[in-house]
Amino acid sequence: MPFSAVIKQAVRAALWPSFLTFPLLVIKINPYERTVAWRWQNLLYVALATFSGSLLAQTAAALKARKKLRAAAPAKDRPQLFDKTAVRLPALSVLLLLAAAFPWLVSSYQVSIMITALLYVMLGLGLNIVVGMAGLLDLGYVAFYAVGAYSYALLNLHFGIGFWTALPIGGFLAAIFGIFLGFPVLRLRGDYLAIVTLGFGEIIRLVLENWTEFSQGPSGISGIPRPGFFGMELSLQQSVIYLYYLMLGMVVFTILATNRLQHSRIGRAWAALREDEIACRAMGIDKTKIKLAAFAFGAFWAGMAGVLFAAKTTFVNPASFTFMESAIILCIVVLGGMGSIPGVIIAALTLILLPEYLRTLADYRMLAFGAALVLMMRFRPGGLFPAARMRRQK
């Protein structure tokens with residue numbers, strides 16, 4: 001495409017968003033002083049951002065077309081730039097070193113935000129087992145998150161059980177609830193499965209909110225102790241740094257476990273279930289066991305994440321476990337690429353950190369966040385890093 005045509009297309013792409021956002025970003029009415037302020041610089045920012053985005057999109061499309069042409073060429077004619085296996089280990093080592101040094105380079109507030117992001121990485125990887133690997137649409141995943149958090153809160157409140165004992169208990173209790181959810185939905189698929197799981201999530205939240213004698217209702221449970229370190233007394237800053245390293249270790253453990261599951265026999269059975277349930281049964285795979293295993297494994301990670309959440313905030317109440325949490329976790333899986341572990345990690349970090357670092361945009365940060373999601377789904381519908389199966393289908 002000629003350069004002039006590229007510029008014309010970018011200009012046309014910039015005009016439409018500028019027109020749509022004009023009433024919201026340019027006109028500001030003050031009803032008390034009865035004045036109208038015209039903020040033309042905002043219109044300029046939108047136009048420049050859209051113009052640049054269009055240029056980048058066209059460049060990416062051209063590079064993709066060139067890549068397809070190169071892929072169609074014989075293997076001997078393709079240039080080999082580098083060996084991926086030789087790059088992967090040094091890159092992972094650098095990332096781990098940066099992650100280990102992170103709490104010593106930034107403030108405690110930034111560390112606390114990163115802990116939250118790592119928590120959602122763990123939740124996204126857990127839901128990826130159910131949605132991405134097994135193909136079961138679960139809209140009530142936050143229920144298992146709540147089971148883990150309240151397990152630690154109630155066990156500590158009534159029996160004085162500490163964090164390290166409650167961590168596996170919360171995971172196993174959530175897995176049991178996952179099996180309880182799995183039995184009624186064994187014959188359901190698609191939208192019907194999504195509706196039932198959504199109802200399950202709301203039932204758990206309403207029980208926690210209204211059964212005051214059990215969960216203390218909307219008032220929640222406070223005074224939950226943070227994780228201990230061999231009985232040492234830690235200051236607030238030391239506790240934040242310790243919790244960060246704990247979350248980092250849990251995320252690494254989750255990545256290794258989910259990767260092992262994905263490439264195991266049960267992972268291949270999940271892939272068969274996701275692709276074609278009838279063919280899966282015809283091959284002799286026990287659909288009941290495979291579905292229950294998917295719900296149990298996914299719920300187990302959510303339960304442990306709930307225990308970590310309760311330890312981080314030292315307070316839990318039902319308002320922390322609404323449907324929006326399930327929607328955010330599902331967005332992480334879809335935007336990252338269903339079944340893709342690296343994609344889920346990057347999507348979780350992006351979705352949680354981006355709104356925080358867009359606070360400088362004040363009233364427009366959610367608008368920018370939504371625009372980023374729309375562009376993502378427009379130009380990368382398979383996710384940031386689609387799984388190998390998705391790449392082969394393209």
Side-chain angles (χ1 to χ4, degrees), residues 84-85 88-89 92 120-141 144-145 168 171-172 174-183 185-190 193-194 197 249-305 329-330 332-348 382-394:
K84 292 183 178 180
T85 57
R88 187 176 301 167
L89 186 59
L92 290 176
Y120 277 91
V121 170
M122 193 171 171
L123 288 167
L125 290 172
L127 184 59
N128 191 41
I129 294 174
V130 184
V131 177
M133 298 183 191
L136 304 171
L137 184 55
D138 187 353
L139 296 181
Y141 192 68
F144 310 122
Y145 187 34
F172 283 115
I176 292 171
F177 272 81
I179 294 172
F180 286 159
L181 170 64
F183 271 112
V185 300
L186 286 174
R187 295 181 178 272
L188 300 180
R189 288 185 293 177
L193 175 62
T197 54
M250 289 299 300
V251 166
V252 172
F253 172 63
T254 306
I255 293 170
L256 295 175
T258 52
N259 183 67
R260 183 69 176 170
L261 281 171
Q262 189 174 26
H263 294 90
S264 66
R265 183 176 180 179
I266 191 171
R268 292 191 292 271
W270 285 335
L273 178 69
R274 177 191 63 210
E275 298 300 331
D276 193 326
E277 186 171 330
I278 297 175
C280 173
R281 295 177 62 186
M283 289 188 296
I285 297 174
D286 191 336
K287 183 186 71 171
T288 301
K289 291 182 180 179
I290 293 302
K291 283 191 175 183
L292 293 179
F295 279 114
F297 277 112
F300 178 78
W301 298 114
M304 289 205 299
I329 302 168
L330 184 61
I332 288 171
V333 176
V334 173
L335 292 178
M338 291 193 292
S340 171
I341 294 175
V344 169
I345 296 169
I346 294 175
L384 288 170
F385 291 92
R389 172 184 61 90
M390 296 295 295
R391 289 197 296 269
R392 285 195 295 268
Q393 286 179 356
K394 291 181 181 180

(message) For T197 and L181: C-alpha separation, side-chain torsions, deciding distance, then whether side-chain contact (heavy atoms from CB on, under 4.5 Å) applies.
(response) CA-CA 8 Å; T197 54; L181 170 64; 4.1 Å; yes
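Atoms CE and CD1, on M283 and I278 in that order, are 12.0 Å from each other to the nearest 0.5 Å. In this structure, CZ in F300 is found 9.0 Å from OG1 in T254, a value given to the nearest 0.5 Å. T288 contributes atom OG1, which lies 8.0 Å from atom CZ of R187 (distance to the nearest 0.5 angstrom). One distance of note links SG of C280 with CD of E275; it measures 10.5 Å at 0.5 Å rounding. Note that CZ of R281 is 13.5 Å distant from CD1 of I290, once rounded to the nearest 0.5 Å. Atom CD1 in I285 sits 10.5 Å away from atom CD1 in I266 (nearest 0.5 Å).
The main-chain N or O of L127 is never found under 3.5 Å from a side-chain atom of W301 such that the two would form a donor-acceptor pair. Between the Q262 side chain and the G339 main chain, a donor and an acceptor come within less than 3.5 Å of each other.
The local environment of OH in Y120 is crowded, with over 12 non-hydrogen atoms from other residues, nucleotides or ligands closer than 6.0 Å.
What you find for A305 and L123 is that their closest heavy atoms are CB-CD2, 3.6 Å. Minimum heavy-atom separation, G303 to A174: CA-CB, 3.6 Å. Nearest heavy atoms, L186 versus K291: O-NZ, 2.8 Å. Across S340 and G343, no two heavy atoms sit closer than the pair OG-N, 3.2 Å. Minimum interatomic distance between N128 and G337 (heavy atoms only, all atoms of both residues): OD1-O, 4.4 Å. The two residues A294 and L136 have their closest heavy-atom pair at CB-CD1, 4.3 Å.
Partners of K287 according to the salt bridge (charged side-chain N to carboxylate O under 4.0 Å, His left out) rule, which considers only residues two or more places apart in sequence or in another chain, are E277.
Tested against I129 for a side-chain contact (heavy atoms from CB on, under 4.5 Å), the candidates D138, L261, V333 yield a single pass: L261.
Side-chain contact check for V344 versus V121: every heavy-atom pair is 4.5 Å or farther apart. Side-chain contact between F180 and I176 is present, with at least one heavy-atom pair separated by less than 4.5 Å. Residues I179 and F295 fail the side-chain proximity criterion, which asks for heavy atoms closer than 4.5 Å. The closest side-chain heavy-atom distance from Y141 to L330 is not below 4.5 Å. Side-chain contact check for I345 versus I255: some heavy-atom pair is nearer than 4.5 Å.
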